[in-house]
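Report on the following structure.
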Amino acid sequence: MLERITVRGGRPLEGCAAVQGSKNGALPVLAACLLTRGVSVIENCPRLADTEAMTEILAALGCGVEWAGSTVAVDAATVRSAPLPRSLTSRLRSSVIVLGALLARTGSAVLAGPGGCDLGGRPVDLHLKGLRALGASVRETEEGIAADRGAHRGAEVVLSYPSVGATENLMLFAAGCQGETVIVNAAREPEICDLAAYLKRAGFSVRGAGSACIRVDGGGGHTGFVSHRVMPDRIAACTWLCAAAAARGEIELTGCRAEPIRAVTEELSRGGCRIRETDRGMFLSARRRFQAGGPLIRTGPYPCFPTDVQPMMLSVLATAEGCAAVEETVFENRFAHAAELRRLGADVETEGRVAVVRGVETLRGTDVAAQDLRGGAALVLAGLCAEGETRVRGVPHIDRGYERMEKTLSALGADVRRETAGDDTER
Ligand code: EPZ
């Protein structure tokens, strides 16, 4: 059944909502479960299309997987290196992270290419180059990737870009093999620290996560029980903060921290929002129209403004007072939502990697289509500021990253519901 998210705009947000566990934190941790020879209990694991796909991959590799609410238990006592078909790997980008862990655990891996949001070219050259530098033999085939562990030797790997996925893949491969690996120019995202925390609990030696130089002493690990609580989803937290900045109102988010989203809260504060940490999480008050006009907002690797929040920021700016420019430096093509925002009446122009947004008084609801996860979330947020009804199609994209987005927004007082779309050709 095709679904859509329908928003009736015009209501300020008021209330309190809990922030889900991090998708991008949970996925590498689930892949890391392959390295342990016992049971890992992962709490605060968001139940999403992507995390479910990852647990299906683990099951296909012989792991026992049991979900109970937002806790998933993974029994990796026995892991076999079964080829992973496209039907599994194409469901998410992080399927490629399985490569490092599976190689380290079983010595070989065969998997079809990864999926994920279409944000322009998303090569995996840095993953493969890094694995090769650590002694793995990796072949790219017509079907995907086939690799053997080889005689892994501890080595220094210098990433030419601090890729999140490549850093995770190399940490996992290095953890399961002998010798010391040093990853230079590693990604510093908080999710990398979360992965390191899991690995340490599982008995591996990882130092420097969160800095640009990560050291992994391979060959540790134990066979016992590992318990890990996934970090709060900083991108979901930013989504709700942007929602309130755009629609105005006062909200409290529980279960999240300010530090990992500093670049976003600074931008929202500059626009006039009052934001503070509370005992339980964070509070945002946006009583006036958002003020655009600060310096260029440039996305970049952590701790810069996150690319994953760029689409939602465009929605905030769409009805702001003034004009703003946003440069997307991480992905080559992450402005698909701009054209849909224009359908809602936003004045957004893109040229190459820069979007220029001139705020308008109000948007007008209509039918729009999500083309990727965060772009879809941005359209729902824009709907909150639009007159009349905004109907967002492409809901499976949104469900990859949010546990029922409409429920959280409804808890914050928005008029948002999920409907079955009778006819997907309308519009
Ligand atoms: C992770 O993707 C996140 N996904 C993305 O979140 C996020 O946007 C991205 O990091 C950047 O923060 C997960 O964690 C599952 P990268 P990843 O490797 O690991 C280029 C969301 O909405 N690159 O840091 O794929 C690449 O093309 C998603 O939740 C290479 O050229 O990101 C891109 O331009 C979307 N070669 C840049 O680096 C490589 O081998 C950053 O990619 C790898 C990457």
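These numbers come from a predicted model, not from an experiment. Read the numbers this way: they start at 1 and go in the same order the structure lists the ligands and their atoms.
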Nearest neighbour in protein (non-hydrogen) for [atom]:
{"atom": "atom 26 (C) of ligand 1", "answer": "Phe331 CE2, 4.2 Å"}
{"atom": "atom 17 (P) of ligand 1", "answer": "Arg122 NH2, 3.9 Å"}
{"atom": "atom 18 (O) of ligand 1", "answer": "Ser163 OG, 2.6 Å"}
{"atom": "atom 1 (C) of ligand 1", "answer": "Val164 CB, 4.0 Å"}
{"atom": "atom 8 (O) of ligand 1", "answer": "Asp308 OD1, 2.5 Å"}
{"atom": "atom 22 (O) of ligand 1", "answer": "Arg374 NE, 2.9 Å"}

How about [X] and [Y]: does a side-chain donor come under 3.5 Å of a side-chain acceptor?
{"X": "Tyr198", "Y": "Arg229", "result": "no"}
{"X": "Glu168", "Y": "His127", "result": "no"}
{"X": "Glu43", "Y": "Thr71", "result": "no"}
{"X": "Glu252", "Y": "Thr278", "result": "yes"}
{"X": "Thr408", "Y": "Trp240", "result": "no"}

Any idea which part of [X] is under 4.0 Å from ligand 1, heavy-atom wise: side chain, backbone, both or neither?
{"X": "Glu168", "answer": "neither"}
{"X": "Leu126", "answer": "both"}
{"X": "Glu191", "answer": "neither"}
{"X": "Arg400", "answer": "neither"}
{"X": "His127", "answer": "both"}
{"X": "Tyr161", "answer": "side chain"}

So, does Arg105 use its side chain to make a donor-acceptor pair with the main chain of Leu34 at under 3.5 Å?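 Yes; judged by distance alone, with no hydrogens or angles, the pair exists.
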Measure from the side-chain N and O atoms of Thr167 to the backbone N and O of Ala187, and report whether any donor-acceptor pair falls under 3.5 Å.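 Yes; judged by distance alone, with no hydrogens or angles, the pair exists.
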Using heavy-atom distances only, which candidate in Asp125, Ile235, Asn333, Val124 approaches atom 36 (N) of ligand 1 most closely?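 Ranked by closest heavy atom to atom 36 (N) of ligand 1, first place is Asp125.
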What do you reckon, does [X] have a nitrogen or oxygen under 3.5 Å from a nitrogen or oxygen of ligand 1?
{"X": "Val330", "result": "yes"}
{"X": "Thr307", "result": "no"}
{"X": "Glu332", "result": "no"}
{"X": "Asn24", "result": "yes"}

Does the salt bridge (charged side-chain N to carboxylate O under 4.0 Å, His left out) test come out yes or no for Glu403 and Arg47, once each step is laid out? CA-CA 7 Å; Glu403 282 181 319; Arg47 194 139 190 190; over 6 Å; no
If you draw a 6.0 Å radius around CD in Glu66, do more than 12 non-hydrogen atoms from other residues or ligands fall strictly inside?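 No, not enclosed.
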Evaluation steps, side chain to side chain contact (heavy atoms under 4.5 Å, CB included), between Arg234 and Glu191: CA-CA 9 Å; Arg234 64 191 172 102; Glu191 292 76 13; 2.8 Å; yes
Near [X], which atoms of ligand 1 are under 4.0 Å from a heavy atom of that residue?
{"X": "Arg93", "value": "25 (O)"}
{"X": "Arg334", "value": "8 (O), 22 (O), 35 (C)"}
{"X": "Lys23", "value": "21 (C), 29 (O)"}
{"X": "Gly165", "value": "18 (O), 19 (O)"}

Testing Thr307, Asn333, Thr350 for side chain to side chain donor-acceptor pair (under 3.5 Å) with Glu328, which one passes?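 Only one of Thr307, Asn333, Thr350 forms a side chain to side chain donor-acceptor pair (under 3.5 Å) with Glu328, namely Thr307.
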Testing Asn185, Leu126, Asn169 one by one against Ser163 for a side chain to side chain contact (heavy atoms under 4.5 Å, CB included), which residue passes?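 The option that passes is Leu126.
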Heavy atom of [X], distance to ligand 1 below 4.0 Å:
{"X": "Pro123", "value": "yes"}
{"X": "Met54", "value": "no"}
{"X": "Ser94", "value": "yes"}

Could you go step by step and tell me if Arg207 and Glu180 meet the salt bridge (charged side-chain N to carboxylate O under 4.0 Å, His left out) rule? CA-CA 11 Å; Arg207 285 167 294 147; Glu180 192 198 52; 3.2 Å; yes
Within 45° cone and under 6.0 Å: Arg188 NZ/CZ vs Tyr302 ring: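 No, Arg188 does not sit over the ring of Tyr302.
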Would you say Ile251 and Phe283 make side-chain contact, with heavy atoms under 4.5 Å?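 Contact flag for Ile251/Phe283 side chains = no.
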Distance flag for atom 20 (C) of ligand 1, protein heavy atom under 4.0 Å: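 Within 4.0 Å: no protein heavy atom nearby.
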